[in-house]
Amino acid sequence: MDKRQARPRHYLMCEPTFFEVSYSINPWMNPSCPTSTERGLAQWMTLHDLLVGLEHAVELIEPVAGLPDMVYSANGATVVDGRALVARFRHEERVKESPAYLDWFRARGWEARQAESINEGEGDFLCTGDVVLAGTGFRSEPKAHDEAAEYFGKPVLGLTLIDDRYYHLDTALAVLDDNEIMYHPEAFSPESRMLLEERFPDAILADAHDAAVFGLNAVSDGLHVILAQQAERLPCQLRERGFEPIGVDMTELLKGGGGAKCCTMELREGD
Ligand code: ARG
């Protein structure tokens, strides 16, 4: 196997200045369990500095008071070939994030439009080399898959999630390189599992423990894979394939239902 290469990426992150769990829209969120904004901030900062240290370009969007989930910037949009399809959130609590993202893109000259169907950005839309993998079942609706296919002019493979702990595609599946993925089969419907097996026969399969610590909510640059340090088997499975796993502690932000990947939106420029 040739040595893997990291490709420099461009990410958008949002500092968790207003992070708290004041409502519950996924099974991880328990408003009666105390959260520490300070710890959340420190964990987020470690991730941020790690990405910068790996020579990726990281941009920031201003956090908005009253929008505690804005730290999960992956949900704000999906960006392919310089075109951003901005989220339309399912829950009222997150609806006001969309205009903030739309303004951010437009102010910087990116082509951007808000999705018409319910679409939670890179939470549910993950790009591989030749197909966009799109989740449904809890958040983004199937119509959003057609809308994305049309907007990006790319084939979209729809996948159905069936376990509410894995309510976004990026909690159950990660793209590691152009056509390599890792995922937790039990999070998907039988039909979707078949589709994944057919298309990615060599995928890394995550066990129940590693999925439950959000080990699949990972950020890969083609070589380095940043993932929850609580994952037990995944680091070894990744090393066997020539990747370099880097563990991070995101446990405070997991109280909101997100990990490393949720906190990073990839900005894919056009040619
Ligand atoms: N509390 C947020 C929500 O439920 C967490 C989003 C996590 N982001 C992600 N990309 N999975 O919407």
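FYI, the numbering just counts along the sequence from 1. Order of appearance sets the numbers: ligands from 1, and atoms from 1 within every ligand.
- Residues H10 and E266 bring no donor and acceptor atom of their side chains to less than 3.5 Å of each other.
- Regarding atom 2 (C) of ligand 1, its nearest protein heavy-atom neighbour is D69 OD2, 3.4 Å.
- Closest to atom 3 (C) of ligand 1, if we only count protein heavy atoms, is R94 NH1, 3.4 Å.
- With hydrogens and angles left out, the side-chain atoms of T251 and D249 include a donor and acceptor closer than 3.5 Å.
- In this structure, W28 has no heavy atom closer than 4.0 Å to ligand 1.
- The closest approach between R139 and ligand 1 falls below 4.0 Å for a heavy atom of the residue.
- In terms of modelled atom types and a separation under 3.5 Å, the side chain of S98 and the main chain of A87 share a donor-acceptor contact.
- When hydrogens are left out, the protein atom nearest atom 1 (N) of ligand 1 is G256 O, 2.7 Å; that is the closest non-hydrogen contact.
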- Task: Take F138 and H168 through the ring-ring contact (aromatic ring centres under 6.0 Å, His included) test and state the conclusion after the steps.
- Result: CA-CA 7 Å; F138 297 100; H168 272 147; 9.6 Å; no
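- Residue contacts with ligand 1 for E122 are absent, since no atom lies close enough (heavy atoms, distance under 4.0 Å).
- Residues passing the side chain to side chain donor-acceptor pair (under 3.5 Å) test with R108: none are found, sequence neighbours excluded.
- Close approach to G123 involves these atoms of ligand 1, each under 4.0 Å from a residue heavy atom: 10 (N).
- Contact record, P68 with Y23: CG-CE2, 3.8 Å, taken as the closest heavy-atom pair.
- Protein heavy atom nearest atom 9 (C) of ligand 1, with residue, atom name and distance: C262 SG, 2.6 Å.
- Of the N or O atoms in D170, one or more lie within a sub-3.5 Å distance of an N or O in ligand 1.
- Note on residues 201-223: pairs passing salt bridge (Lys or Arg N to Asp or Glu O under 4.0 Å), not counting sequence neighbours, are D207-R233.
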